[in-house]
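Notes to accompany the following structure.
In what follows, chains are A, B, ... by sequence order, proteins preceding strands, each numbered from 1.
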Amino acid sequence: MLTKKNIRFVLDTLEEMYPDADCELTHDNELELLIAVVLSAQATDALVNKVTPGLFLKYKTPEDYINVSLEELQNDIRRIGLYRNKAKNIRKLCADLIEKYDGEVPNDYDALVNLAGVGRKTANVVVSVAFNQPAIAVDTHVERVSKRLGICRYKDSVLEVEKTLMRKIPEEEWSPTHHRMIFFGRYHCQAKTPNCPECPLLEICREGQKRMKKRS
DNA sequence: CTCCCGATAT
DNA sequence: ATATCAGGAG
C-alpha cells in the first residue's frame, strides 16, 4: 500500500505527464457524450470515434434513435462490437429520456445509472465530463493502474477500487486524476506491454519493481 | 459467474 | 492465434 506521500508523488507525476488529459470520446453535447460512452464498453475510443461522426450526423435527438428499426440502429453501430446489446439499450435509454426527462440528459448520478446500458462507470463519466461534478470513473485502465501501482489490492472489486481512490485523492483532484490515470494506462502502462524501464513512477511501483527484477 | 462481439495490436 | 478495448445485464 502506498503511503500518503507516495500518493502525492503519483498525482504530481501524472499531472506533469498529462497536464491536459481529458475525455477522448468526440462529442458536441450531453446526448452525444452519453451515447459515445455507452458504445465505448469493451471497445477502444479510437474505434468509437471512427463510427460516431456519421452516427451523430444521422441521429441528433432521442427521437431519432427511436424512429428507426432496431436492425437499422444495429447496422449503424455494428463495427463497434456488442452491437445487439448496445442497440437495444440505446433505444430503451432514449425512450426513458423522452418519457422521464423531457428528452434531456439528466445531470445527476442516480438518474443516469438507472438508464438502460448505463452502469456506474458510464454515469460517473457523464456527470464528470458533461456536468463538471467531481467523480472517478473506474474503467479497465484505472483499475489496472491502481492495482499495479499498489494504490489498492489486486483482489479488490471495481467498486472497492473506486472507494479507495476517492478516499486517498482530494475531491478537487478526482476528475483530472481520473483522466490522467486513463492516459497513463492507455499510452504508457498498457495491459500487455507496460513501459516500466522509462516509467517515472517506477521507484514507487510495486508491479514495476517486480517486472524489472525478472528482466535481469 | 457468463454472455455479448468487432477491430486492432502483439 | 490470442489478448485487449473508457462495461453492463441477467
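- Counting to the nearest Å, the P atom of C:dG7 and the CD atom of A:Glu162 are 14 Å from each other.
- The separation of C:dG8 from B:dA7, taken at their P atoms, amounts to 22 Å, rounded to a whole angstrom.
- A sub-4.0 Å separation between OP1 or OP2 of C:dG8 and a side-chain N or O of A:Thr122 is present.
- Put simply, the side chain of A:His27 gets close to the backbone of A:Leu25: a donor and an acceptor are under 3.5 Å apart.
- The separation of C:dA6 from B:dC3, taken at their P atoms, amounts to 24 Å, rounded to a whole angstrom.
- By the neighbour-count criterion of 12 heavy atoms within 6.0 Å, atom CD of A:Glu72 is densely surrounded, having more than that number from other residues, nucleotides or ligands.
- Proximity of residues 136-155 of chain A to DNA chain C (heavy atom under 4.0 angstrom from any strand atom) is restricted to A:Asp139, A:Thr140, A:His141, A:Arg144.
- Phosphate proximity of B:dC5 to A:Arg84: present, with a side-chain N or O under 4.0 Å from OP1 or OP2.
- In this structure a side-chain-to-backbone donor-acceptor pair under 3.5 Å is missing from A:Arg120 to A:Val158.
- In this structure a side-chain-to-backbone donor-acceptor pair under 3.5 Å is missing from A:Arg84 to A:Arg78.
- A:Lys147 places no side-chain N or O within donor-acceptor distance of the main-chain N or O of A:Val142, the cut-off being under 3.5 Å.
- Atom CD1 in A:Ile90 sits roughly 15 Å away from atom P in C:dG7 (whole-Å rounding).
- The salt bridge (Lys or Arg N to Asp or Glu O under 4.0 Å) check on A:Lys88 picks up nothing, with sequence neighbours excluded.
- One atom, CG of A:Asn89, and another, P of C:dG10, lie 8 Å apart when rounded to the nearest Å.
- Looking at which nucleotide of DNA chain C each of A:Ala116 and A:Ala43 is closest to, the 5′-most match is held by A:Ala43.
- When the side-chain nitrogen and oxygen atoms of A:Arg186 are compared with OP1 and OP2 of C:dA6, one or more of them lie within a distance under 4.0 Å.
- Put simply, the side chain of A:Asn114 gets close to the backbone of A:Asp110: a donor and an acceptor are under 3.5 Å apart.
- One atom, CD of A:Gln74, and another, P of B:dC5, lie 8 Å apart when rounded to the nearest Å.
- Relative to the side chain of A:Ala191, the nucleotides C:dG8, B:dG6, C:dC5 differ in distance, and C:dC5 lies closest.
- The distance from atom NZ of A:Lys86 to atom P of B:dC3 is 18 Å, rounded to the nearest whole Å.
- Distance from the side chain of A:His178 is smallest to C:dA6 among C:dG7, C:dA6, B:dC5.
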Close N or O pairs between protein and nucleotides 8-10 of chain B (under 3.5 Å):
unit_1: B:dT8; atom_1: OP1; unit_2: A:Lys50; atom_2: NZ; d: 2.8

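- The pair A:Lys163-A:Glu160 fails the salt-bridge criterion, with no side-chain N (NZ, NE, NH1 or NH2) lying under 4.0 Å from an Asp/Glu carboxylate O.
- Across every non-hydrogen atom of A:Arg91 and A:Ser69, the tightest pair is NH1-C, 3.8 Å.
- One atom, CG of A:Leu112, and another, C1' of C:dA6, lie 16 Å apart when rounded to the nearest Å.
- A salt bridge is defined here as a Lys NZ or Arg NE, NH1 or NH2 lying under 4.0 Å from an Asp or Glu carboxylate O, and A:Lys58 with A:Asp76 meets this definition.
- Contacts between residues 32-39 of chain A and DNA chain C, defined by a heavy-atom separation below 4.0 Å, involve no residue at all.
- Of all nucleotides listed (B:dG6, C:dA6, C:dC5), C:dA6 comes nearest to the side chain of A:Cys23.
- Using a distance-only test at 3.5 Å, with no hydrogens or angles considered, no donor-acceptor pair links the side chain of A:Lys121 to the main chain of A:Asp139.
- Put simply, the side chain of A:Arg206 never gets that close to the backbone of A:Leu2: no donor and acceptor are under 3.5 Å apart.
- By the criterion of side-chain heavy atoms lying less than 4.5 angstrom apart, applied directly or through intervening Ile, Leu, Val, Met, Phe, Trp or Tyr residues, A:Leu165 is not grouped with A:Val129; the two fall into different hydrophobic clusters.
- Residue A:Gly81 is classed as a base contact, given a heavy-atom separation below 4.0 Å to a base.
- Atom CD of A:Gln190 and atom C1' of C:dA6 are 15 Å apart (whole Å).
- Interface residues of residues 11-22 of chain A facing DNA chain C, ordered by number: none; criterion, heavy-atom separation under 4.0 Å.
- No salt bridge links A:Arg167 with A:Glu162; every basic N to acidic carboxylate O contact stays at or beyond 4.0 Å.
- Residue pairs meeting the side chain to side chain donor-acceptor pair (under 3.5 Å) criterion with at least one member in residues 8-23 of chain A, sequence neighbours excluded: A:Arg8-A:Asp12, A:Arg8-A:Glu173.
- In this structure, A:Trp174 atom CH2 and C:dA6 atom P are separated by 24 Å, rounded to whole Å.
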